[in-house]
Each structure stands twice: as structure tokens, then as C-alpha cells.
Amino acid sequence: MKILIADDEAMSRRLLEKTLERAGYEVVAVENGRLAVEQLNRPDGPRLALLDWVMPELDGPGVCRAVRRNQEQQEQSYVYMVLLTSKESKEDIVTGLESGADDYLTKPFHVDELKARLRTGERILHLEGRLVEAREMMRFKATHDALTSIWNRGVIMDLLGRELARSQRESGCTIVLLGDVDHFKLVNDTHGHPVGDEVLQEIGRRLVLSIRSYDFVGRYGGEEFLMVLNNCDPESAEARAEEIRKAVSSRPIPTATGPLQVSMSIGLLLSNDWGVRPVEELLYEVDAALYVAKAAGRNCVRRARPGVPTSEPNVAADEAVHRLR
Amino acid sequence: MEKLQNCSQNGRVDLLELLARLDNDRELLRDLVTIFKEDFPRHLLALQDAVAGQDMKQITMVSHTLRGMLSNLAVTKAAAAAGQLEELARSGAGASIPETLAAFEREVLGLLPEMETYIAEVRS
């Protein structure tokens, strides 16, 4: 494990360095508080630190405060800091601990005591690592679709709202694509749900690979995928949508029961065609364009345009389109 | 080891305690003494200058450093004298400082040659 030693006095530094190297630590030694903060604030910096109290430029408690402040701002991993001190008064110890130090050790230290205190620090860091891992996993589960690992419906809707607001603010254009896997029910009925899951996973992967790193794709419903392509050129919107459609259907999807040829119908909407509209209304329109693509024979892209009657809400037509899917 | 024990009893360094603290690492002891030989005269001079200039902040800092160095080498009496200087300077009791410095100087007089002896003992 990497450990930082910050001490302006060369003898103490050498003593600590040798002792800790012998104990199996990878030692980084610096001679003042400023350099200590630099090291500890690095993303790959040591997570364990021994800091002399009195140092030039920045003292030990000052280092603790700076590191804790940075941790709060940057959400960095916890650093376990031990102050080395020859100060023995209760007031000094309280000051040191309140600056953010986790422990203190009185100089001259005994090697066994030093090692024992560092082992305590390692235990706490290990525990912190497990907590962070658990939190990250929960965060991922709360924001991603369990089957495809792309954004879930809640997040993709938030992202859509955010990108539409931004394109209005910046007079840009956001492309909204709603894709639906053609005849997906047939895949499930013929090959079983596990194969259907494989198909959805592979489609999710192909969609992610076919968009830019700053675009978004999420699972909108069962076999429906919502894509938000921001800051786009309206002229190339239909070509982009075609590329994405082809990315899904260009080659069969390998599954447990053999390769399956699958396609996707896509509804396309350009935010600047529609002006300022509620997100729900735009989603209704792109969904209607998707229905039109289904009705046109599937495996194609249809664009939602204001004033074009194909997108008129009609209960009978809706029912017919649902049958088409 | 026999020789080292004698040195410890006769000299100012509690060598047994020091070696125990260093896990009997004689190479490390030699390193520390070498650093001490290089750094100590510079710090002592800085302390004397600070006392002459009645610079309390500087006296506090340098005597703190000296206390740490001497403690690390188990030169306990001299470390205590440095600690006394640090306390006096921190509390602003400037009048007693020259006298305490003189006591400290007596304590460290001949320390470097004694350290040379230790290095020789450790080498043998």
C-alpha cells in the first residue's frame, strides 16, 4: 500500500521511510505541507499519510484541513491521516483531530505502535473501499436498466428534458429517436424469453456503439429504446437515424438458439421542428412517427413533422398499430 | 554489541533504547547519524542566531526541529533542553532563553565526535 510521509526534518523522514519500507509499504516522502497536499489530492495519490505537525509552508493540521476540503468538493477517496507530534497537551491533540486527522502519534514513536496504528488505518480504508463500491453499485442499479445496462427509463427521460431545454436555450437541435424492435413478441414466443433477453442486450450494445460518447440511449419500455442525440445538424438527422437502424439489422444477432435476424422501426423527431413544447407532447409525436414506420412495413425510419396528419391521435389507429408491433 | 552497551552507559545517547527502537538496524542507525552530522551544526547555528536576534518564532521552530532530531537519536537530556527552549520561546519568556541556550550548548558539546564513535562501533 502507498503511504505518504511529510516531514521537514531529514532524519525523521529517513527513519520513517526505512521503517515503513521494511513493513511493506510503498513510501512517498515529501518535506513540506504544500507538497503533501499536492500528493494527497492526486487521484492516484496515497490514501494513508503520516504528517509531521510542524512543517514549513503548511503545517500538519493545515494539510488535514486542505485534504478534507478537497475530498468534499471532489468526492475523492478517503485519506487516513496520522499526525506526528511532540505536542502532548490535550488542547493540541483536540486541535489536531478537529483539523481532520484520524489519529496522532507522539514522537519519538515506537515502531510497533506506529505499525499497529497504520494497520488500523488500513482497516478503515478497506472498509471505506467496500462502502464506496456498494454505493456505486447501488447508484448504477438506480440509473441503469438491469437487462441491457443502458440508461433506464427515468434517467433517459431526465436526459431528454435536459437536452431539449439546452437546445432551446442555445438555439441548437436535438434529435429524438424512438426505436421499437420489429416482431419482438414473435422472438419471445418462438425462441423463449431468455433468447428475447439476449436480443435486447445485443441491440442495446449496438445502439450504444452507433452513437457518439456524448449522446444518450436508454430503455424506454419492453422492446423500445429512446435515443437523444444532442447538438445535431438537422440536415443529417435522417441519415443518422438510418445508420442507427442499419446498425441493428445489418447482421444477425447470435443467440443460444442460433443467429437471429432482427430489425428496428424508428420514429424521428427534430426539436427545432417543434419549437417550445412539453417533453410529453414531443414523445407522443415521435411515438406516432414510430407507428407510421411500423405501418409502412417496419425496419424503416419515419420523421414526425408538425401539421402532418399521420401523427394525429386516433384511438382506432393506435389499436391497429399496437397490433402491428 | 558489548562495546555498544558500554558506549550507551558512558555517553549521552541511550544506545540500547535507540537500537531497540530501530529494530537493531545498524545500517539505519549509521544513516541517521550521518544525517545528524550534516544537519545538526546548521540548525545549532540557526538557533544561536535566532537567540541573538531575539526572534521568538525562529527559536521556537529551530528548537522544535532540534528536539525532534535529538529525540530520534535518543539523546534525551539534550532533547529535553531543546524542548525547554521551545517552550520558553513559545511563551515569550525571552529573559531565560540565553541561559537555557548555554545549558543546551553544554549538553551537545562533544556530541558530534561521540556520534563518530558510534558510527565506528556500528561499522565494526
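When reading the values below, keep in mind they use all heavy atoms of this one structure, side chains included, and skip hydrogens, waters and symmetry mates. Chain A is the first sequence line, chain B the second, and so forth, proteins listed ahead of strands; every chain is numbered from 1. Since we're looking at a predicted model, the values are computed, not measured.
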Those residues of residues 35-49 of chain B that come under 4.5 Å of chain A on a heavy-atom basis, listed by number, are B:Ile35, B:Phe36, B:Asp39
Can you confirm whether more than 12 heavy atoms, excluding those of A:Glu57, are under 6.0 Å from its CD atom? yes
Going by an N to O cut-off under 4.0 Å, is there a salt bridge joining A:Lys18 and B:Asp31? no
For residues 58-72 of chain A, pull every pair meeting side chain to side chain donor-acceptor pair (under 3.5 Å), keeping only residues two or more places apart or in separate chains. A:Asn41-A:Asn70, A:Arg68-A:Gln71, A:Arg68-A:Tyr78, A:Arg68-A:Asp102, A:Asn70-A:Gln76
State, with a plain yes or no, whether a side-chain heavy atom of A:Leu15 is found less than 4.5 Å away from one of B:Leu22. yes
Over 12 non-hydrogen atoms of neighbours within 6.0 angstrom of CD in A:Glu170: yes
Straight-line distance of B:Arg21 CZ to A:Leu114 CG, nearest 0.5 Å: 12.0 Å
Under 6.0 Å from the NZ atom of A:Lys141, do we count more than 12 heavy atoms belonging to anything else shown? no
Based on non-hydrogen pairs under 4.5 Å, which of B:Leu73, B:Thr65, B:Asp25 is most in contact with chain A? B:Asp25
So how far is it from A:Arg14 CZ to B:Asn72 CG, rounded to the nearest 0.5 Å? 13.0 Å
Would you indicate whether A:Arg135, at its atom CZ, is surrounded by more than 12 heavy atoms from other residues, nucleotides or ligands within a distance under 6.0 Å? yes
Euclidean distance, A:Met11 CE relative to B:Leu70 CG, rounded to 0.5 Å: 7.5 Å
